[in-house]
Amino acid sequence: MAEYNFRNIEKKWQNYWAKNEIYKTENASDKPKFYALDMFPYPSGAGLHVGHPLGYIASDIVSRYKRLKGFNVLHPMGFDSFGLPAEQYAIQTGQHPAITTEQNIKRYKEQLKNIGFSYDWSREVQTHRPDYYRWTQWIFMQLFNSWYNNNSNKAEHIDTLIAEFGSSGSSGVNAVCDDDTPKFTADQWNSWTEEEQLKVLLHYRLTFPSEAVVNWCPALGTVLANDEIKDGVSERGGHPVERKKMKQWMMRITAYADRLLQNLEHLDWSEPMKDMQTNWIGKSYGCELQFEVKDHSKVLTAFTTRPDTIYGVTFMVMAPEHEWISQLTTHDQKMEVEAYVEAAKNRSERERQTDVKSVSGVFTGSYAINPFNNAPIPVWVADYVLAGYGTGVVMAVPSSDDRDYRFAKYYDLPVTLVVEGSEKLDDPTELKYGKMFNSGILNGLNSDEAIQKAIEHAEDNGFGTSKVNFRIRDAVFSRQRYWGEPVPAYFKGDIPHLVDEKDLPVELPTVDKYQPTATGEPPLGRATDWTYNGYPLELTTMPGWAASSWYFLRYMDASNESAFADKHITDYWGQVDLYLGGTEHATGHLLYSRFWNMFLYDRGLIGHEEPFKKLINQGMIQGVSSFAYRVVFTGDDKIMPEVFLSKGIVDRIKKSNLTRAEQDIIENILEKELDSFNKKHRTSYSVENVMEKKIIPMHVDISKVKNDILDVGAFKTWRPELKEAIIILEANGNYLCGSEVEKMSKRYFNVVNPDDIVERYGADTLRLYEMFLGPLEQFKPWNTNGIDGVFKFLRKVWNLFHKENGEFYVSDAEPTKEELKVLHRTIKKAQEDIERYSFNTSVSEFMICVNDLTALKCNKGAIL
RNA sequence: GCGGAUGUGGCGAAAUUGGUAGACGCACUAGACUUAGGAUCUAGCGGAGCGAUCCAUGGGGGUUCGAGUCCCUCCAUCCGCACCA
């Protein structure tokens, strides 16, 4: 009897698709367009695991569905091929990262093709290729040549700014620029040298070199962006990160903070995703208040969202990095303050982040004056105030702010209550809003009315202005690495200039090694003649997010050699209709892409402001790791026995309810085994040794484990040191492993390769099963237990249309009423499911369909 | 601490708008067939009970003719941000 031979079937059709370019998409059509996009992968050496294709399968289903529904579908794939792992491998081996990268890409493509995606491979992009990064560099140049005009609320060419400066100086300009931007008249501007003018323009450009405090990771030898740091250590590798002042290229993403926030409202993204971006941008409304300092000319400015609590201010706090600290410190306090500032400086970012509970600070000796009631208030320095947010100075209101309250309690500073009702509480900060009292002109008002009144009062009297603050910082754009896009800029003295457009791409030079130079310069410092017209070229390269911030536009017109993409074509395709990828890019890629896309829109280079109309975040497929329990010995002997106890035994030891008899049996076995070990290696391990020692779980390759039972033979050959391992089994003769759900990763030995599934069950089974596993957006561990059911389903479908001898057969017999009913119900339900991206239920729907047809004893080859 | 999500059989899950809870699949049980397979088919499969019935969607309370779904409250797990003034 003929079998469902998925290998032949899939091979035949995949070849047919490739040969006939079935999925090649045209850039014009009478049909409506649909752009379905996956987040393109970084081609790592480990290859794809079963988690990667989850989103790809979903977007492929939608793409195929939309094609059948009469859409012209753009469904491309490519590779984000600049990145750290290839470079680290290059450092170890000396091999050029391009070689590893291209090998990895080749493997990824084979794996992807095995799964049968309907990609238009003619549009593939690889971001490390000069014909791609040429345009990444070109976009960088546009950013350099732009400034953000707050009056028109968009980015404009720098020439419009220069013209304005020439005719009326800086007075009429309302731009996003650095805090220390100078003011000048047209005459002054015109009298300056070109160099002086260029220096001023750097305060306005959307990308610019700047001396900035950055996150420096010594282990990786590079700076990192805020979104590349988790818990004070690098996201990649978990290395410590320190604060360091360095010259860096920056991107003025803060110019777009408000629009990035506002536009979220109109995007069809999940609420959690929008919330994440909203929090990251961190807009808060409030005001800046000025506090004169007693017997001093300085005026401290503090940002607050709660000016209504101004009468509750009992002290001020400055960040330890604040530049006025030494000037505001009195002679008596000098030693103490200097010691504190020095100590704070030496605290690593990590310490500062993990240790948020402890309170520390020091009094400067100076007093500020509360502008509302002229009360003198002591000025303190404390590291709970951040230099990078607001003004780096805080007006402390211990009665309504938890941190201020903690600080006041610790240093015994006064607490003035200002909200009615808080006097009844042990901790007054539990009541933050209400009717104000003890508050002079604000008495009797509710908090929100009082906020308004306080701001008005401050503005009328000239000691404050309403102000909006953002948490988001300008993005650091430099990486001290080799394997990235060179920055197309060179320096005349301090002043950066762009290379001529006709000289793009600025190709990566060859270097002898990929480490920093002896003098600590980035790897590009090793290149011979890394100059442009005799001037030194920039030594840092671009960060990973540069290339991925516009690749979705390149797919539209991937082989264009005269532009990053033709405007007519980007207008035709417009927004990505469906973008699928993980949540981990919420505050990185997805924000930067929106920024660049918005910028290109402002400059008229594309016709849509937001890149991704609908976003779906597929959940991660996790791995199920297996553990063996290893006894750890300490001692001076060079060689130690590898002793593993089965999970049941470990559990009972830990609960100390191992029976005497069980223990005797185990000890007997161990004694024998250890005896022969001791004889062989002249050591003296004893049973007592084992029972008291620490037992730690060790990851075991999941291919050596089935249903938590270890294949002991396979385990012993896994690694040389396990060859003579002593393995203590359960009473039933099995070694039982523990298991845990973790991220799927090589280092946990829990990776499942899609190739293996395809080999055994076929691509269609893999695809259906991944969808059947559960809701797309949910995190779920991979297990292969249910896969037979899906395979059976496909076999049943095949059998419906093939005779006993395997011949394909379609009957022209009239379908019965019941059969038609089943058919139409299935079509309707499956369509609804796909439209609402519920892929697991749509698979179920097809299964029910086949079951019903079987129950109706439907004819073979029923065409319905 | 702030923000968000989730919680339903032995397991993965379904129930789209408040309307028969557990579709579909896995595992399991019994049976049939047999060329003995990692095959196929039939039936059963939340709990209690011989049964009619009763009890079940993390716990408690509420709205409603009717609640897995809405409201309040508590608990657990996961994720994001985290001294952001």
Side-chain angles (χ1 to χ4, degrees), chain A residues 1 3-4 226-227 230-232 270-284 286-289 302-307 309 313 316-317 319 352-361 382-398 400-407 429 469-473 582-584 586-587 617 619-620 622 707 741 760-761 768-769 772-775 777-793 795-796 799 829 832-833 835-838 840-852 854-855:
Chain A
M1 181 175 147
E3 271 285 320
Y4 163 52
N226 286 345
D227 63 280
K230 294 263 135 70
D231 302 325
S270 71
E271 283 311 313
M273 186 50 91
K274 290 185 186 181
D275 286 345
M276 264 191 252
Q277 289 209 346
T278 304
N279 291 340
W280 190 261
I281 294 167
K283 185 177 188 174
S284 52
C287 69
E288 282 185 354
L289 293 174
F303 173 76
T304 179
T305 54
R306 296 294 308 275
T309 61
V313 176
M316 306 275 295
V317 189
R352 223 170 135 161
Q353 280 195 9
T354 45
D355 174 34
V356 297
K357 291 265 145 58
S358 71
V359 178
S360 73
D383 66 0
Y384 81 86
V385 173
L386 302 175
Y389 183 77
T391 60
V393 179
V394 164
M395 55 172 240
V397 186
S400 71
D401 184 283
D402 304 335
R403 296 151 303 175
D404 297 343
Y405 184 69
R406 209 165 56 209
F407 195 82
T429 64
N469 242 319
F470 291 95
R471 205 186 71 109
I472 191 172
R473 303 267 78 91
T583 23
E584 66 272 21
T587 51
N617 302 114
M620 204 189 296
Q622 295 145 308
N707 292 332
V741 174
R760 198 149 135 194
Y761 296 96
L768 278 177
Y769 184 58
F772 188 64
L773 220 43
E777 304 188 63
Q778 204 164 291
F779 278 55
K780 48 207 167 246
W782 175 266
N783 75 65
T784 324
N785 287 346
I787 202 166
D788 288 328
V790 171
F791 184 73
K792 276 186 222 165
F793 158 73
R795 194 167 45 202
K796 282 185 201 163
N799 277 322
K829 287 226 173 187
E832 284 169 359
D833 286 343
E835 295 273 359
R836 67 188 172 103
Y837 308 104
S838 175
N840 55 331
T841 51
S842 80
V843 176
S844 297
E845 220 37 70
F846 287 115
M847 289 180 172
I848 295 168
C849 174
V850 169
N851 286 350
D852 286 354
T854 311

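Below, chain A is the first sequence line, B the second, and so on; all start at residue 1.
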| request: Return the value, rounded to whole Å, for the distance between atom CD1 of A:I848 and atom C1' of B:G25. | output: 10 Å
| remark: Assert: residue with more 5' nearest nucleotide on RNA chain B, out of A:G282 and A:G786, is A:G786
| query | Using the P atom in both, what is the distance from B:G22 to B:A56, to the nearest Å? | reply | 16 Å
| task | Rounded to whole angstrom, note down the C1' distance from B:G19 over to B:G25. | result | 27 Å
| message | What is the separation between atom CG on A:L773 and atom P on B:C24, rounded to the nearest whole Å? | response | 19 Å
| query | Phosphate oxygens OP1/OP2 of B:G25: is one of them under 4.0 Å from a side-chain N or O of A:N851? | reply | yes
| What residue among A:F793, A:W782, A:F791 forms ring pair (Phe, Tyr, Trp, His ring centres under 6.0 Å) with A:Y769? | A:W782
| query | Of the candidate nucleotides B:U16, B:C24, B:A85, which contains the atom at the shortest distance from the side chain of A:D833? | reply | B:U16
| field | Contact under 4.0 Å: A:R471 side-chain N or O vs B:A82 OP1/OP2 | value | yes
| note | Walking RNA chain B from its 5' end, the first of A:V393 and A:T587 to be reached, judged by nearest nucleotide, is A:T587
| request: Write down the distance between NZ (A:K780) and C1' (B:U77), rounded to a whole number of angstrom. | output: 18 Å
| field | Atom pair distance, as rounded to whole Å: CG in A:N799 and C1' in B:U40 | value | 10 Å
| message | Please give the distance between the C1' atoms of B:C28 and B:C45 as a whole number of Å. | response | 8 Å
| So, the side chain of A:K796 versus the backbone of A:M847: is there a donor-acceptor pair under 3.5 Å, distance only? | no
| Separation between the P atoms of B:C41 and B:G61, rounded to whole Å | 47 Å
| query | How does each nucleotide of nucleotides 1-8 of chain B score, in 5' to 3' order, for protein heavy atoms under 4.0 Å: base (B), sugar-phosphate only (S), or none (-)? | reply | ---S----
| query | What's the closest nucleotide to the A:R795 side chain, out of B:A85, B:A39, B:A14? | reply | B:A39
| task | Report yes if the side chains of A:N799 and A:Y4 come closer than 4.5 Å at any heavy-atom pair, otherwise no. | result | no
| query | Considering only heavy atoms from C-beta outward, does the side chain of A:V397 approach that of A:R306 to under 4.5 Å? | reply | no
| Hey, what's the ring geometry for A:Y384 with A:F407, parallel, tilted or perpendicular (30° and 60° as the breaks)? | tilted
| Less than 4.5 Å apart, any side-chain heavy atom of A:V850 and any of A:T854? | yes
| OP1 or OP2 of B:C26 under 4.0 Å from side-chain N/O of A:K792 | yes
| Given B:A14, is OP1 or OP2 found less than 4.0 Å from the side-chain N or O atoms of A:N840? | yes
| query | A:Y837: what forms a side chain to side chain contact (heavy atoms under 4.5 Å, CB included) with it, not counting sequence neighbours? | reply | A:V62, A:L578, A:K614, A:I616, A:F839
| request: Under 4.0 Å between any heavy atoms, over every strand shown, what does A:R473 touch: base, sugar-phosphate, or nothing? Just pick one. | output: nothing
| message | Tell me the closest heavy-atom pair linking A:N783 and A:G786, and the distance in Å. | response | OD1-N, 4.1 Å
| said: At 4.0 Å (heavy atoms only), tell me whether A:K796 reaches a base, stays on the sugar-phosphate, or touches nothing. | reply: sugar-phosphate
| Do you know the tightest heavy-atom contact between A:F772 and A:S844? | CE1-OG, 3.5 Å
| Any idea if B:G9 is syn or anti, going by the 90°-from-0 cut? | syn
| message | What stems show up for RNA chain B when you take Watson-Crick pairs (N1-N3 plus N6-O4 or O6-N4) and G-U wobbles (N1-O2, O6-N3), both under 3.5 Å, and require three or more consecutive pairs? | response | B:1-7 with B:75-81, B:10-12 with B:24-26, B:28-32 with B:40-44, B:46-48 with B:53-55, B:58-62 with B:70-74
| message | Using atom C1' in both nucleotides, what's the gap between B:U57 and B:A21 to the nearest angstrom? | response | 8 Å
| query | Can you tell me if A:S284 and A:Y389 form a side-chain donor-acceptor pair at under 3.5 Å? | reply | yes
| said: For A:K829 and A:T841: C-alpha separation, side-chain torsions, deciding distance, then whether side chain to side chain contact (heavy atoms under 4.5 Å, CB included) applies. | reply: CA-CA 9 Å; A:K829 287 226 173 187; A:T841 51; over 6 Å; no
| query | In whole angstrom, what separates A:Y769's OH from B:A13's C1'? | reply | 11 Å
| task | Pick the P atom in B:A14 and in B:C70, then give their distance to the nearest Å. | result | 16 Å
| On a whole-Å scale, what distance lies between the C1' atoms belonging to B:C2 and B:G47? | 42 Å
| field | Phosphate contact (B:A85 OP1 or OP2) by A:Y384 side-chain N/O below 4.0 Å | value | no
| Distance, C1' atom - from B:G9 to B:G44, rounded to whole angstrom | 15 Å
| task | Indicate whether OP1 or OP2 belonging to B:U16 is found under 4.0 Å from a side-chain N or O atom of A:S838. | result | no
| Which is true for A:S284 with a 4.0 Å heavy-atom rule: it touches a base, it touches only sugar-phosphate, or it touches nothing? | sugar-phosphate
| query | Within a strict 4.5 Å, meaning less than it, do heavy atoms of the A:D788 and A:Y761 side chains meet? | reply | yes
| note | Against the side chain of A:F772, the closest entry in B:A14, B:G80, B:G25 is B:G25
| request: Determine the contact category for A:Y761: base if any of its heavy atoms lies under 4.0 Å from a base atom, sugar-phosphate if only primed atoms, P, OP1 or OP2 are that close, otherwise nothing. | output: base
